J.: 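Shown below is the structure under consideration.
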Amino acid sequence: MHADADAFFASVEQRDHARYRGVPMVVGEQVVACASYEARALGIHAGMPLGQVRRHWPATLVAPVRGDAYEEASARLFEVFRRFTPLVEPGSMEEAFLDVTGRDRDDPAGMAAAIRDAARQEVGLPVSVGVARTKLMAKLASRRAKPDGFLVVDAALEARVRPRLRLDDLWGVGPVTYEKLHAARLFVVADLYGLSVDDLKNCGLSTAMARRVASIAAGTDDATIRLPGPRGSVGATRSFPATRTRSTVEAVLRASVQRALARLGDDARLPTRLEVVVRYDDGTQVTERGPLPQPTTEPEAVGAAALRLLERSGWEQDGRGVTLVGVSIPLPRLRPAARVAPGSSRQAQSQASGDDRQRQKGWPAGSA
DNA sequence: TCTGGGGTCCTAGGACCC
DNA sequence: TCTGGGGTCCTAGGACCC
């Protein structure tokens with residue numbers, strides 16, 4: 001099952017403020033982060049500059065982004081999801097895959113309705129639900145069910161629909177991969193029939209992507225729920241008009257360090273590494289990575305390390321303007337307390353990674 | 001059909017070790 | 001001392017997702 005809140009940010013604002021209900025409105029600061037369905041009907045969509053919205057649709061209401069409200073709504077939404085099954089894989093703040101195998105009393109439509117009702121009653125948000133045999137099909141089903149609906153894809157429907165799926169509609173196939181498939185005159189899933197993984201690799205796909213695409217054609221794409229582990233990294237970036245002024249670039253980088261560290265919250269893990277990203281005005285991007293002098297969340301120490309990495313990128317010697325800088329802080333997979341003496345570290349580490357694999361493999365979904 | 005920002009996963013090449 | 005094979009870790013960059 002794929003459960004996905006409709007127009008999440010906009011729906012939270014409409015829930016909390018009567019003046020936003022039933023009218024075209026958007027959430028955003030500079031650009032539209034989320035448009036209400038009423039606004040979408042006019043042609044407004046995420047990513048559109050707010051200036052353009054105000055020019056063409058002056059009656060459209062604009063709500064500022066209230067991150068805390070969305071976090072809170074997200075937490076309550078996931079509480080609802082977890083009441084139906086502990087096997088919940090978040091896709092983002094507002095959507096998740098749920099393995100409900102054996103929990104739906106052979107009534108997937110009833111269960112989808114129950115989840116939607118619970119989200120509506122308890123969180124006040126519309127949630128669309130897709131039910132199917134695999135994650136891909138469930139995701140496509142919830143997309144099709146929007147807004148505020150649900151769709152159950154049974155075997156007969158899947159057999160009809162799957163061959164006709166457009167490759168550029170597939171979750172996991174982005175513009176780059178689609179372009180390669182398109183160049184090989186492959187457009188829908190049925191065009192993949194008879195092609196091997198090697199054939200797809202010869203189209204320029206990586207091994208992992210070729211396998212994924214081949215499995216979609218074979219109908220063996222996965223239904224595995226991956227339970228979320230601790231997050232892998234925190235980061236912050238900021239874009240700005242192209243500049244070559246050192247004080248500007250360094251100030252933005254320092255501020256990014258502060259924001260990334262703040263994002264760490266109560267996570268007890270101490271970062272040991274740091275990454276600095278620089279984007280130039282021709283769109284190219286470079287990343288400098290390196291160890292911190294010692295594990296720390298001390299802003300001064302992390303900031304100093306960030307400046308060294310920035311220096312190392314050679315941006316000042318580069319003729320191009322800089323349009324974005326930021327940091328990403330990878331978080332250690334092992335808790336410091338789990339560290340062991342050097343003599344046995346290898347065994348301890350391989351054991352730990354084995355555990356992680358076990359966790360990531362999760363549970364098989366079986367067949368619906 | 002690109003706006004900005006926050007993430008995950010994969011890959012290729014090199015260093016290093018046994 | 002050389003050769004081949006296997007493995008891990010690190011680095012830098014890409015693709016994709018919301």
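First the proteins, then the strands, lettered A, B, ... as listed; each starts at 1. Just so we're clear, the structure is a prediction, and the values are computed from it rather than from any experiment. Heavy atoms only: backbone and side chains are in, while hydrogens, waters and symmetry mates are out.
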J.: Under 4.0 Å between a side-chain N/O of R273(A) and OP1 or OP2 of dT11(C), yes or no?
T.: yes
J.: In terms of the nearest nucleotide of DNA chain B, which residue is placed more toward the 5' end: A208(A) or G235(A)?
T.: G235(A)
J.: Salt-bridge test for E288(A) and R308(A): reply yes if a basic N is under 4.0 Å from a carboxylate O, no otherwise.
T.: no
J.: How are the rings of F187(A) and H182(A) set relative to one another: parallel (under 30°), tilted (30 to 60°) or perpendicular (over 60°)?
T.: perpendicular
J.: Given T245(A) and T243(A), is the side-chain hydrogen bond (donor to acceptor under 3.5 Å, both in side chains) satisfied, shown in steps?
T.: CA-CA 6 Å; T245(A) 308; T243(A) 184; 3.3 Å; yes
J.: Which part of the nucleic acid, if any, lies within contact of V32(A), taking any heavy atom under 4.0 Å across all strands shown: a base, the sugar-phosphate backbone alone, or nothing?
T.: nothing
J.: Whether R231(A) contacts dT8(B) is assessed here as follows: a side-chain N or O lying under 4.0 Å from the phosphate OP1 or OP2. Is that the case?
T.: no
J.: Mind checking A33(A) for me? I need base, sugar-phosphate or nothing, with any heavy atom below 4.0 Å counting as a touch.
T.: nothing
J.: Is K180(A) touching bases, backbone alone, or none of the nucleic acid, heavy atoms closer than 4.0 Å?
T.: nothing
J.: For E94(A), which contact category applies under a 4.0 Å heavy-atom criterion: base, sugar-phosphate, or nothing?
T.: sugar-phosphate
J.: Under 4.0 Å, counting only non-hydrogen atoms across every strand here, what does R211(A) touch: a base, just sugar-phosphate, or nothing?
T.: nothing
J.: With the side chain of R238(A) defined as its heavy atoms from C-beta on, choose the nearest nucleotide among dA15(C), dG5(B), dG4(B).
T.: dG5(B)
J.: Atom CD of E275(A) and atom P of dG13(C): how far apart are they, to the nearest Å?
T.: 11 Å
J.: Does T237(A) place a side-chain N or O at less than 4.0 Å from the phosphate oxygens OP1/OP2 of dG6(B)?
T.: yes
J.: Select base, sugar-phosphate, or nothing to describe what T207(A) touches, counting heavy atoms under 4.0 Å on all strands.
T.: sugar-phosphate
J.: Over how many whole Å does the gap from F9(A) atom CZ to dG4(B) atom C1' extend?
T.: 12 Å
J.: Counting the atoms with a prime plus P, OP1 and OP2 as sugar-phosphate, which does G47(A) contact under 4.0 Å by heavy atoms, base, sugar-phosphate, or nothing?
T.: base
J.: Given the rule in the side-chain hydrogen bond (donor to acceptor under 3.5 Å, both in side chains) test, do Y70(A) and E13(A) qualify, once you have shown the distances and angles that lead to the verdict?
T.: CA-CA 9 Å; Y70(A) 314 141; E13(A) 298 302 338; 2.6 Å; yes
J.: Looking for any heavy atom pair under 4.0 Å, which part of the strands does L205(A) touch: base, sugar-phosphate only, or nothing?
T.: nothing
J.: Rounded to whole Å, please give me the gap between CG in D267(A) and C1' in dG7(B).
T.: 15 Å
J.: So that I can tick it off, tell me whether R162(A) and D221(A) are bridged by a salt bridge, with the cut-off set at under 4.0 angstrom between side-chain N and carboxylate O.
T.: yes
J.: Output yes when at least one side-chain N/O atom of S92(A) is less than 4.0 Å from OP1 or OP2 of dC17(C), else no.
T.: no
J.: Which part of the nucleic acid, if any, lies within contact of E29(A), taking any heavy atom under 4.0 Å across all strands shown: a base, the sugar-phosphate backbone alone, or nothing?
T.: nothing
J.: Output the single nucleotide from dG4(B), dA15(C), dC9(B) whose closest atom is nearest the side chain of R226(A).
T.: dC9(B)
J.: So, does K135(A) get its side chain near the phosphate of dC17(C), meaning an N or O under 4.0 Å from OP1 or OP2?
T.: no
J.: State which residue, out of R120(A), K146(A), R116(A), R143(A), fulfils the salt bridge (Lys or Arg N to Asp or Glu O under 4.0 Å) condition with D6(A).
T.: K146(A)
J.: Whole Å only: how far is the CD atom of E95(A) from the C1' atom of dT8(B)?
T.: 14 Å
J.: Write down the distance between CZ (F97(A)) and P (dC18(C)), rounded to a whole number of angstrom.
T.: 9 Å
J.: Using whole Å, what does the distance between atom P of nucleotide dG6(B) and atom CG of L331(A) come to?
T.: 15 Å
J.: With DNA chain B as reference, determine whether R212(A) or P175(A) sits nearer its 5' end, using the nearest nucleotide of each.
T.: P175(A)
J.: Counting only Watson-Crick or G-U wobble pairs whose two distances fall under 3.5 Å, which nucleotide matches dC18(C)?
T.: dG5(B)
J.: Whole angstrom is fine here: how far is it from CE in M209(A) over to P in dT8(B)?
T.: 18 Å
J.: Among R83(A), R76(A), R15(A), which residue satisfies the salt bridge (Lys or Arg N to Asp or Glu O under 4.0 Å) criterion with E122(A)?
T.: R83(A)
J.: Any side-chain N or O of R289(A) under 4.0 Å from OP1/OP2 of dC10(C)?
T.: no
J.: I want to verify a distance call: between dA15(C), dC18(C), dG4(B), whose nearest atom is closest to the W171(A) side chain?
T.: dC18(C)
J.: Under 4.0 Å between a side-chain N or O of T177(A) and OP1 or OP2 of dC16(C)?
T.: yes
J.: Can you measure R279(A) atom CZ to dG6(B) atom P for me and round it to whole angstrom units?
T.: 12 Å
